[in-house]
Amino acid sequence: MRMLDFSSWNGVLTTLFGLVLVSLVMVGVRLVFMQTIQRRRERENRQINERLRTLIAAYKTLGGSFTGDLLVDPTHVRDLLRARQHEAELATEAGEITARSGNETIAERRRRTRDAVEAALSDIILLGTEEQVRLAVHAATEMVEGRPVEVKALVVSLRDFIRQALDLEHIPADLRVPDQG
């Protein structure tokens, strides 16, 4: 209280000016601090939104069908191209012109499915929870070994995580959702 001088007009004005200046500096520091915190929260929210968007896309890829099983042809594009090139060379040598058969379109569809599943699994391995990463690694291992891939547990885990992240209620226990994959 010794610094506050109300004995003269000059003292009162100097005291008020000092109080206003200190208050402005404190408000400025608070604003800078709050903006820094707000920017950090916005960045975290963008990261969470991008993670959810990617996991939702992976969920749609893996769980977009209600057939209940996902059979992925482990043949890679390079192998398909080599086989087609070899067939074309043989047909050219024999003087035949080959047309696209129904088997090639089925193989192409299987390849596209495998590519989409591989991309979804890599996204889950990158952005999923520990449980989802374990399930995705298991599915990827099954694909590499050429075995059919079972994704039911992974799809259920993704669905539960996404619903929880979006603050949606759980799916009622009495409601039976068909197997997806």
Side-chain angles (χ1 to χ4, degrees), residues 36-91 98-181:
T36 304
I37 290 174
Q38 184 178 1
R39 277 193 218 121
R40 184 180 308 141
R41 284 184 185 162
E42 287 173 356
R43 186 178 67 243
E44 289 171 357
N45 284 339
R46 280 193 303 273
Q47 289 171 348
I48 290 169
N49 289 340
E50 188 61 33
R51 179 182 183 196
L52 273 176
R53 191 172 306 137
T54 303
L55 290 177
I56 287 170
Y59 172 79
K60 286 180 181 180
T61 299
L62 296 177
S65 170
F66 288 97
T67 59
D69 61 345
L70 179 62
L71 300 176
V72 179
D73 184 5
T75 308
H76 285 275
V77 175
R78 67 177 178 273
D79 299 331
L80 289 173
L81 291 176
R82 286 181 191 154
R84 285 183 190 159
Q85 185 178 16
H86 182 68
E87 288 174 7
E89 289 172 359
L90 291 176
T98 60
R100 240 177 198 227
S101 67
N103 290 338
E104 288 182 28
T105 57
I106 291 172
E108 183 67 20
R109 184 171 198 275
R110 286 182 181 159
R111 183 195 61 77
R112 283 194 315 264
T113 301
R114 189 211 61 243
D115 291 347
V117 168
E118 284 180 350
L121 290 176
S122 69
D123 287 342
I124 294 168
I125 290 170
L126 179 65
L127 299 171
T129 63
E130 183 179 346
E131 174 193 11
Q132 293 164 357
V133 170
R134 288 182 193 281
L135 292 169
V137 166
H138 177 71
T141 303
E142 295 290 313
M143 284 180 63
V144 167
E145 293 173 357
R147 293 191 293 245
V149 178
E150 176 65 40
V151 294
K152 178 182 177 182
L154 180 57
V155 169
V156 169
S157 177
L158 282 170
R159 180 176 51 224
D160 291 343
F161 175 77
I162 291 167
R163 291 186 71 82
Q164 180 184 9
L166 296 175
D167 291 329
L168 299 173
E169 304 105 24
H170 291 287
I171 295 177
D174 62 334
L175 186 62
R176 168 126 165 62
V177 177
D179 290 344
Q180 292 175 270

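Sequence positions, counted from 1, serve as the residue numbers for this chain. What you see is a predicted model, and the numbers here were worked out from it, not measured in a lab. Values below: every heavy atom of this structure, side chains too, minus hydrogens, waters and symmetry copies.
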Verdict with supporting geometry, Val117 and Leu62, side chain to side chain contact (heavy atoms under 4.5 Å, CB included):
CA-CA 7 Å; Val117 168; Leu62 296 177; 4.0 Å; yes

Please assess Met143 against Glu118 for the test side chain to side chain contact (heavy atoms under 4.5 Å, CB included), listing each intermediate value before the final yes or no.
CA-CA 9 Å; Met143 284 180 63; Glu118 284 180 350; 3.4 Å; yes

One pair to check against salt bridge (charged side-chain N to carboxylate O under 4.0 Å, His left out): Arg53 and Glu50. What are the steps and the verdict?
CA-CA 5 Å; Arg53 191 172 306 137; Glu50 188 61 33; 3.0 Å; yes

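In this structure, CZ on Arg51 lies 12.0 Å from CG on Asp123, to the nearest 0.5 angstrom. The structure places CD of Gln47 at 10.5 Å from CG of Leu127, a figure rounded to the nearest 0.5 Å. To the nearest 0.5 Å, atoms NE2 (His170) and CD (Gln164) are separated by 6.5 Å. Interatomic distance, OG of Ser157 versus CD1 of Ile124, reported as 8.5 Å (0.5 Å rounding).
When all heavy atoms of Ala140 and Leu121 are compared, the closest pair comes out as N-CD1, 3.9 Å. What you find for Ala136 and Leu154 is that their closest heavy atoms are CA-CD2, 4.1 Å. Nearest heavy atom pair, residue Ala116 against residue Thr61, reads O-CG2, 3.6 Å. Smallest separation of non-hydrogen atoms from Ile56 and Ile162: CG1-CD1, 3.6 Å. For the residue pair Glu169 and Arg163, the shortest heavy atom distance occurs at O-NH2, 2.7 Å.
Within a 6.0 Å radius of CZ in Arg159, more than 12 heavy atoms belonging to other residues, nucleotides or ligands are found. Residue Glu130 qualifies as open at atom CD: its count of foreign heavy atoms under 6.0 Å is 12 or below.
Annotation: side chain of Arg41 is not in contact with side chain of Gln38 (no heavy-atom distance under 4.5 Å).
The pair Glu42-Arg39 does not count as a salt bridge, with every side-chain nitrogen at least 4.0 angstrom from each carboxylate oxygen.
Between the side chain of Gln132 and the main chain of Thr129, a donor-acceptor pair closer than 3.5 Å is present.
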